[in-house]
Asks: 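My structure is below; once you've seen it, I'll send some questions.
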Amino acid sequence: MSAAGIRRVAVIGTGVIGASWAAHFLAHGLDVVASDPAPGAEARLRADVAAIWPTLAPIDGASPDRLTFTADAAEAVADADFVQENGPEREEVKDALFAVLDTAARPEVVLASSSSGLLPSVIARGCPEHPERVVIGHPFNPPHLIPLVEVVPGEKTAEKTVETAMAFYAGVGKRPIRLRQELPGHVANRLQAALWQEAYSLVERGVATVADIDTAITHGPGLRWAVLGPFLTQHLSGGPGGIAHVLEHLGPPTEAWWRDLGQVTLTRELVETLVAGVDEELAGIDRAELVAHRDAVLTALLAAKARTELP
């Protein structure tokens with residue numbers, strides 16, 4: 001049982017995110033009932049969970065055998081204690097899906113959406129009976145490894161719903177943060193979007209290649225951000241004066257850089273350039289091998305962080 005008293009989780013939608021969530025919940029000793037209407041979804045899900053399982057550290061009693069499947073979303077949530085929805089990122093799809101979940105799930109059960117950018121108040125429109133139990137629970141790919149979950153309440157979300165979601169995610173080893181306002185893209189995706197905007201612009205202007213920009217991040221600030229994040233990294237770079245010193249001395253030039261950041265539109269030509277750049281960067285590299293190496297490094301990094309007292 002999780003810290004929030006949850007034993008059985010319904011995972012609705014079993015694509016990349018849903019399958020990763022399912023494996024994560026199973027590894028924490030929960031029963032998982034999954035649902036996806038796509039042909040062959042069950043076979044793909046079980047294969048995905050089997051592939052993920054060796055990368056996990058299951059608790060005693062955890063097993064992939066505790067996974068069941070049904071194509072009927074209403075049936076999946078009928079006996080669930082928590083629902084993690086991972087359907088397509090389209091309002092009309094969410095409306096139809098949450099109408100089913102709202103009717104079929106017990107009134108006190110939290111309906112959490114993995115939506116990466118939709119507002120919870122918009123999603124809750126599909127739940128006229130119990131909009132108070134709708135919340136965003138946005139993970140980062142892959143959820144079975146990346147700890148962050150953004151918990152975002154909507155206009156009608158009850159405080160108890162937020163508390164239950166926060167406790168549940170923390171209880172299964174996640175690092176949840178609560179947003180005080182709902183806004184498109186939540187927090188982390190908006191931060192990523194700001195970096196992507198300038199990265200795409202630099203490529204468009206011919207300043208650097210796709211590979212160069214990846215190198216600049218992975219062998220530069222990305223290493224520090226993975227350890228402490230932007231604010232504490234700034235604080236340490238200021239020496240004894242900390243972030244106050246940084247803002248005093250580097251604030252004006254930083255403001256000048258902001259004014260010079262590129263405004264970019266994803267034209268067909270730019271998209272083709274970005275895709276070609278990635279293809280060139282990955283020439284001769286097997287995608288499955290790349291994913292395996294990425295996950296191995298993530299696992300080692302998380303283990304190293306766990307052995308420290310970093311925030």
Side-chain angles (χ1 to χ4, degrees), residues 1-38 40-87 97-98 100-115 127 130 133-147 149 151 160-176:
M1 183 185 298
S2 76
I6 292 165
R7 299 175 182 271
R8 183 179 179 87
V9 180
V11 174
I12 308 300
T14 58
V16 173
I17 299 300
S20 183
W21 265 131
H24 182 80
F25 294 145
L26 288 165
H28 281 80
L30 299 172
D31 294 321
V32 173
V33 54
S35 180
D36 194 306
E42 180 177 5
R44 285 193 297 274
L45 172 61
R46 293 191 182 279
D48 288 343
V49 170
I52 292 170
W53 200 255
T55 70
L56 303 175
I59 68 170
D60 291 342
S63 171
D65 294 337
R66 295 175 68 172
L67 171 65
T68 58
F69 186 91
T70 174
D72 186 343
E75 180 183 346
V77 304
D79 295 321
D81 302 316
F82 191 93
V83 176
Q84 188 73 43
E85 176 272 331
N86 315 279
L97 181 54
F98 272 80
V100 172
L101 305 182
D102 193 34
T103 300
R106 301 192 313 273
E108 72 277 9
V109 171
V110 172
L111 304 183
S113 175
S114 294
S115 173
C127 297
H130 295 287
R133 39 93 163 262
V134 176
V135 69
I136 295 292
H138 174 234
F140 273 73
N141 189 31
H144 65 276
L145 292 179
I146 303 295
V149 179
V151 176
K160 182 179 180 182
T161 297
V162 178
E163 293 173 355
T164 298
M166 292 288 289
F168 171 64
Y169 290 130
V172 293
K174 308 303 284 184
R175 186 70 178 265

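Quantities reported herein were computed from a predicted structural model and do not represent experimental measurements.
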Asks: Are any of the side-chain heavy atoms of Trp53 and Pro58 separated by less than 4.5 Å?
Replies: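 Trp53 reaches Pro58 side chain to side chain.
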Asks: Can you confirm whether Leu97 sits close enough to Ile12 that some side-chain heavy atom of one is under 4.5 Å from a side-chain heavy atom of the other?
Replies: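 In short, these two side chains touch, coming nearer than 4.5 Å.
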Asks: Main chain of Ala34, side chain of Asp36: is a donor-acceptor contact present, judged purely on distance under 3.5 Å?
Replies: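 No, the answer is negative, given that no donor and acceptor are paired below the 3.5 Å cut-off.
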Asks: Does a side-chain heavy-atom distance below 4.5 Å link Arg46 with Leu67?
Replies: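 They are in side-chain contact.
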Asks: Taking all non-hydrogen atoms of both residues, which atom of Pro139 and which atom of Ile17 are closest, and how far apart?
Replies: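 Closest approach of Pro139 to Ile17: CG-CG2, 3.9 Å.
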Asks: Looking only at heavy atoms, which two atoms of Thr14 and Ser35 are closest? And how far apart?
Replies: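 Smallest interatomic distance, heavy atoms only, reads CG2-O, 3.9 Å.
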Asks: Would you give the length of the straight line joining atom CG of Leu111 to atom CD1 of Ile136, rounded to the nearest 0.5 angstrom?
Replies: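 CD1 of Ile136 is found 11.5 Å from CG of Leu111.
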Asks: At their closest point, which heavy atom of Pro142 faces which heavy atom of Ser20, and how far apart are they?
Replies: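 Reported closest heavy-atom pair: C-OG, 3.6 Å.
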Asks: Can you list the residues that meet the side-chain hydrogen bond (donor to acceptor under 3.5 Å, both in side chains) rule with Thr103, with sequence neighbours excluded?
Replies: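 Scan of Thr103 (side-chain hydrogen bond (donor to acceptor under 3.5 Å, both in side chains), adjacent residues dropped) gives none.
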Asks: Tell me whether Lys174 contacts the main-chain N or O of His144 through its side chain, where contact means a donor paired with an acceptor under 3.5 Å.
Replies: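 Here the side-chain-to-backbone pair does not exist.
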Asks: Which residues satisfy the side-chain contact (heavy atoms from CB on, under 4.5 Å) test with Asp79, sequence neighbours excluded?
Replies: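 Residues passing side-chain contact (heavy atoms from CB on, under 4.5 Å) with Asp79: Arg8.
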Asks: In the structure I gave you, are the side-chain heavy atoms of Val110 and Phe168 within less than 4.5 Å of one another anywhere?
Replies: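 No, side chains not in contact.
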Asks: Carefully, step by step, assess Asn141 and Val16 under the rule side-chain contact (heavy atoms from CB on, under 4.5 Å).
Replies: CA-CA 8 Å; Asn141 189 31; Val16 173; 3.7 Å; yes
Asks: Counting N and O atoms only, with roles assigned by atom type, does the side chain of Arg106 sit under 3.5 Å from a partner on the main chain of Ala80, one being a donor and the other an acceptor?
Replies: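 Yes.
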Asks: When you compare the side chain of Val151 with that of Val162, does any pair of heavy atoms fall below 4.5 Å?
Replies: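 Answer yes - side chains close enough.
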Asks: As an exercise, state the distance from CG of Asp81 to CG of Asp31, rounded to the nearest 0.5 Å.
Replies: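 Separation between the atoms: 9.0 Å.
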Asks: Any idea how Phe82 and Tyr169 line up, ring-wise: parallel (<30°), tilted (30 to 60°), or perpendicular (>60°)?
Replies: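 Because their plane-to-plane angle is over 60°, the rings of Phe82 and Tyr169 count as perpendicular.
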Asks: Just say parallel, tilted or perpendicular for the rings of His24 and His28, cut-offs at 30° and 60°.
Replies: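 Because their plane-to-plane angle lies in the 30° to 60° range, the rings of His24 and His28 count as tilted.
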Asks: Nearest 0.5 angstrom please: Thr161 OG1 to Met166 CE, how far?
Replies: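 CE of Met166 is found 13.5 Å from OG1 of Thr161.
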Asks: Please identify each residue that fulfils side-chain hydrogen bond (donor to acceptor under 3.5 Å, both in side chains) with Asp102, with sequence neighbours left out.
Replies: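 With sequence neighbours excluded, Asp102 shows a side-chain hydrogen bond (donor to acceptor under 3.5 Å, both in side chains) to Arg133, given in chain and number order.
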Asks: Looking at every non-hydrogen atom in both residues, tell me the closest pair between Val149 and Gly137 and how far apart they are.
Replies: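 Smallest heavy-atom distance, with atoms named: CG1-C, 3.7 Å.
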Asks: Taking all heavy atoms of His138 and all of Ser114, pick out the closest pair and write down the distance.
Replies: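 That would be CD2-O, 3.2 Å.
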Asks: Where do Ala22 and Leu45 come nearest, in terms of heavy atoms and distance?
Replies: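 Taking Ala22 first and Leu45 second, the nearest heavy atoms are CB-CD1, 4.2 Å.
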